[in-house]
**Q** 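Sharing a structure here in structure tokens format.
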Amino acid sequence: MIINKNGVDYTLTAEEEAEYLANIAQIQAEKQATKYMFDRAKAYPSFADQFDTIFHEGIDAWKAQIQAVKDRFPKE
């Protein structure tokens, strides 16, 4: 396998290639395992909107709003 690092091509040995591919697989697994956190962060209402919900509709309405996001993007 040949990889390019900073504009320079490097030929990997079989052992280096296996380690390289294992590292990529590990990074992808970690990214997938934490994807729900980023999805939730984008889906949650702003703090101002959350406080407004609490003030006008009560804490139970806020909890339902937050739970809907958690249900849509569950932990894996």
**Q** Kindly compute the distance separating CG (Asp60) from CD (Gln67), expressed to the nearest 0.5 Å.
**A** 12.5 Å
**Q** Following the transitive rule for hydrophobic clusters with a side-chain heavy-atom cut-off under 4.5 Å over Ile, Leu, Val, Met, Phe, Trp and Tyr, establish whether Tyr36 and Ile66 coincide in one cluster.
**A** no
**Q** Could you give the distance from NZ (Lys70) to CG (Asp39), rounded to the nearest 0.5 Å?
**A**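 It comes to 13.5 Å.
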**Q** Just to verify, what does Asn4 make a side-chain hydrogen bond (donor to acceptor under 3.5 Å, both in side chains) with, not counting sequence neighbours?
**A** Asp9
**Q** Atom CZ of Phe73 and atom NZ of Lys35: how far apart are they, to the nearest 0.5 Å?
**A**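 Result: 7.0 Å between the selected atoms.
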**Q** With distance as the sole criterion, is a donor-acceptor pair present between the side chains of Gln50 and Trp62 under 3.5 Å?
**A**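 A donor-acceptor contact under 3.5 Å links the two side chains.
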**Q** May I have the step-by-step check of side chain to side chain donor-acceptor pair (under 3.5 Å) for Glu30 and Gln26, ending in yes or no?
**A** CA-CA 6 Å; Glu30 289 170 359; Gln26 179 182 358; 3.1 Å; yes
**Q** Would you sort out whether Glu16 and Thr13 count as a side chain to side chain contact (heavy atoms under 4.5 Å, CB included), showing the intermediate values?
**A** CA-CA 5 Å; Glu16 291 170 331; Thr13 64; 3.2 Å; yes
**Q** Roughly how far apart are Phe47 CZ and Ile54 CD1, rounded to 0.5 Å?
**A**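 Between Phe47 CZ and Ile54 CD1, I get 11.0 Å after rounding to 0.5 Å.
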**Q** Supply the members, apart from Leu21, of the Ile/Leu/Val/Met/Phe/Trp/Tyr cluster built from side-chain contacts under 4.5 Å; use none for a lone residue.
**A** Met1, Ile3, Val8, Tyr10, Leu12, Tyr20, Ile24
**Q** Please report the C-alpha distance between Arg40 and Lys75 in whole Å, then the side-chain angles of each, then the deciding distance to 0.1 Å, and finally whether the side chain to side chain contact (heavy atoms under 4.5 Å, CB included) criterion is met.
**A** CA-CA 10 Å; Arg40 284 181 181 182; Lys75 286 184 183 179; 4.1 Å; yes
**Q** Mind checking the CD-CG spacing from Gln28 to Asn23? Nearest 0.5 Å is all I need.
**A**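 Rounded to the nearest 0.5 Å, the CD-CG separation comes to 11.0 Å.
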**Q** Just how far is it from atom CD of Gln65 to atom CG of Asp49, taken to the nearest 0.5 Å?
**A** 7.5 Å
